[in-house]
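In what follows, a structure is listed as C-alpha cells, so that the remarks can point back to it.
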Number of protein chains: 2
Amino acid sequence: MTRTAKTSGDHRDWVKKVEDICEANALQLTPLRRQVLELISRAKAPLGAYAVIDQLSQSRAKSVAPPTAYRALDFLVDHGFVVKIASTNAYAPCDHLGHHHHGMLLICNRCGRADEIENPKLDAVLAETAARIGFRPQRQVVEIEGLCGACGEAVAAPQALPNG
Amino acid sequence: MTRTAKTSGDHRDWVKKVEDICEANALQLTPLRRQVLELISRAKAPLGAYAVIDQLSQSRAKSVAPPTAYRALDFLVDHGFVVKIASTNAYAPCDHLGHHHHGMLLICNRCGRADEIENPKLDAVLAETAARIGFRPQRQVVEIEGLCGACGEAVAAPQALPNG
DNA sequence: GTCTGGTATGTTATAACATAACATATTGGA
DNA sequence: TCCAATATGTTATGTTATAACATACCAGAC
C-alpha cells in the first residue's frame with residue numbers, strides 16, 4: 001500500500017507506469033526528469049533537493065545548479081508522480097499514480113521511510129470540516145511523524161540488535 | 001472557533017491566557033518571548049521567522065539576530081502557544097491552549113488567514129489508519145490550503161469590489 | 001532550409017529559512 | 001558570595017529555494 005524502499009522489481013514497475021502516463025498525456029519525461037525520477041524511486045528514504053542536486057552532479061562532468069533540479073522536481077510534483085513532504089522538505093515517490101490527490105504520509109523519524117496511505121474516511125472528514133466553515137480546499141497536507149512498524153519494534157526490543 | 005485576525009479584545013484575552021498558563025506552570029514568559037507572542041497574536045496572517053526578526057529589530061536600537069527570534073519561537077511552539085505551519089514556514093497563534101495536540105489548519109491562499117479547527121473524528125481516523133500498519137504516531141501535521149469563506153465569495157463575485 | 005515560437009535546460013546571483021558554537025547576562029538558590 | 005541554571009547576544013555558516021536571463025532543442029509554418 002505504500003512506496004519508498006521498494007524492491008528493484010517494484011522500482012522498475014513504478015518508473016514504467018510513470019513513463020506510460022507521460023506518454024498517454026503527451027508529457028515530456030526528458031532524460032533529466034527521468035534521472036531525477038529514478039533517484040527518488042531508488043532512494044530508501046525521501047530525498048532533499050540538495051541530495052538530488054549532489055547525485056545529479058556526481059553523474060556528470062560539471063555540477064548542476066539548484067534551478068535545474070528544482071524544475072525537474074516541480075514537474076514531477078505538478079503531475080503527481082512525486083510528493084513533496086512539507087514537514088521535512090523532502091521528495092518521495094507517489095504510489096497513487098493517476099489520482100490527483102494525496103493520501104496521508106506516515107514518516108518514520110528513525111529510518112526516514114515514508115509511506116503513503118489513502119483513506120476515503122480521511123478525505124470525507126477533511127471535506128466535511130472545511131465545509132462547516134465555508135472553506136474551499138485546494139491542496140491538503142496530512143503528514144504523521146512517528147515510528148514505523150519495524151522501528152517501533154526495534155526501539156521496544158533493543159536487545160535484538162546484533163553485536164551490541 | 002479559530003484564531004488569527006482577532007479583534008483587539010480577543011487579542012488581549014488570548015495573551016492573558018498564555019500569561020496565566022505560564023504562571024501556573026512556572027514557565028518564564030520573558031519580555032522577549034512576550035513581545036514575539038504579541039507580534040504573532042496581532043498579525044493578520046501567520047508570520048514568517050524573518051518577519052518576526054524584522055519587527056523585533058525595528059523596536060530596538062540594534063537589530064536582533066536570527067537565533068534570538070528562533071529561540072523565542074521555539075519556546076512558544078514547544079509549549080503549545082504558537083503553531084508552526086510546515087507548508088509555509090510561518091507561525092500562528094494556537095487557539096486551543098492547554099491541549100497538547102493541534103487540530104487541522106485551514107490556510108487561505110488569498111488573504112493568508114489561518115484558522116485552526118479541532119475535530120475528534122479526524123484524530124480518530126488518523127489514529128486508526130496508523131494503527132492499521134503498526135505505525136506509532138508522535139506528531140501530526142494537517143494543513144489544508146484553499147480559500148476562506150470571505151475570499152471564496154470575493155473570488156466568486158468580483159463585482160463586489162469597490163472602485164473597479 | 002530557415003524562421004519562429006514553445007519548451008527545456010544552463011548559468012549566475014541572491015533570497016529566504018534555520019542552526020552551530022561560543023560569549024555574556026540574569027536569576028535564584030546553597 | 002558563589003554556583004548552577006536559564007536566557008539572550010553574537011558571529012558565522014548551513015540549508016532550502018527562486019529570480020532573472022542565456023542558450024539549446026525541436027516541431028511546424030513558410
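Protein chains get the first letters and strands the later ones, always in sequence-line order, with residue 1 at the start of each.
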Ignoring backbone atoms, establish whether [X] has a side-chain N or O less than 4.0 Å from OP1 or OP2 of [N].
| X | N | answer |
| --- | --- | --- |
| B:Arg71 | D:dT10 | no |
| B:Gln28 | D:dT6 | no |
| B:Tyr70 | C:dT19 | no |
| B:Arg33 | D:dT8 | yes |
| A:Thr68 | C:dT9 | no |
| B:Asn89 | C:dA18 | yes |
| A:Lys84 | D:dA17 | yes |

In whole angstroms, how far is the [atom2] atom of [N] from the [atom1] atom of [X]?
| X | N | atom1 | atom2 | value |
| --- | --- | --- | --- | --- |
| A:Gln35 | C:dG10 | CD | P | 10 Å |
| A:His79 | C:dT7 | NE2 | C1' | 12 Å |
| A:Asp74 | C:dA8 | CG | C1' | 13 Å |
| B:Lys62 | C:dA25 | NZ | P | 14 Å |
| B:Ile85 | C:dC17 | CD1 | P | 13 Å |
| B:Ile53 | C:dC17 | CD1 | P | 9 Å |
| B:Leu56 | D:dT8 | CG | C1' | 12 Å |
| A:Leu32 | D:dC25 | CG | P | 14 Å |

Identify which one of A:Arg139, A:Gln140, A:Gln138 satisfies the side chain to side chain donor-acceptor pair (under 3.5 Å) criterion when paired with B:Glu145.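 Passing option: A:Arg139.
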Rounded distance (nearest 0.5 Å) linking atom CG of A:Leu76 with atom CD1 of A:Ile40: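 Rounded to the nearest 0.5 Å, the CG-CD1 separation comes out at 6.0 Å.
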Which class fits the ring pair B:Phe75 and B:Phe81: parallel under 30°, tilted 30 to 60°, perpendicular over 60°?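 Plane angle between 30° and 60°, so tilted.
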Please indicate yes or no: is the ring centre of B:Tyr50 less than 5.5 Å from the centre of the six-membered base ring of C:dC17, with the two planes inclined by under 30 degrees?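 Whether judged by distance or by angle, B:Tyr50 passes, so it stacks on the base of C:dC17.
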For B:Ser63 and A:Pro66, take the nucleotide of DNA chain D holding the closest heavy atom to each; which residue's nucleotide lies nearer the 5' end?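 Its nearest nucleotide being more 5', the pick is B:Ser63.
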Within the structure provided, determine whether A:Lys17 and A:Asp13 are in side-chain contact (heavy-atom separation under 4.5 Å).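 They are not in contact (no side-chain heavy atoms under 4.5 Å apart), so the answer is no.
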From [options], nucleotide with atom closest to [X] side chain:
| X | options | answer |
| --- | --- | --- |
| B:Tyr91 | C:dT11, C:dA18, C:dT9 | C:dA18 |
| B:Pro67 | C:dT11, D:dG9, D:dT11 | D:dT11 |
| B:Ala65 | C:dT19, C:dG10, D:dT11 | D:dT11 |

Which residue is it: A:Glu118, A:Met104, A:Lys121? I am looking for the one with a side chain to side chain contact (heavy atoms under 4.5 Å, CB included) to B:Thr129.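 When A:Glu118, A:Met104, A:Lys121 are each tested with B:Thr129, the side chain to side chain contact (heavy atoms under 4.5 Å, CB included) holds only for A:Met104.
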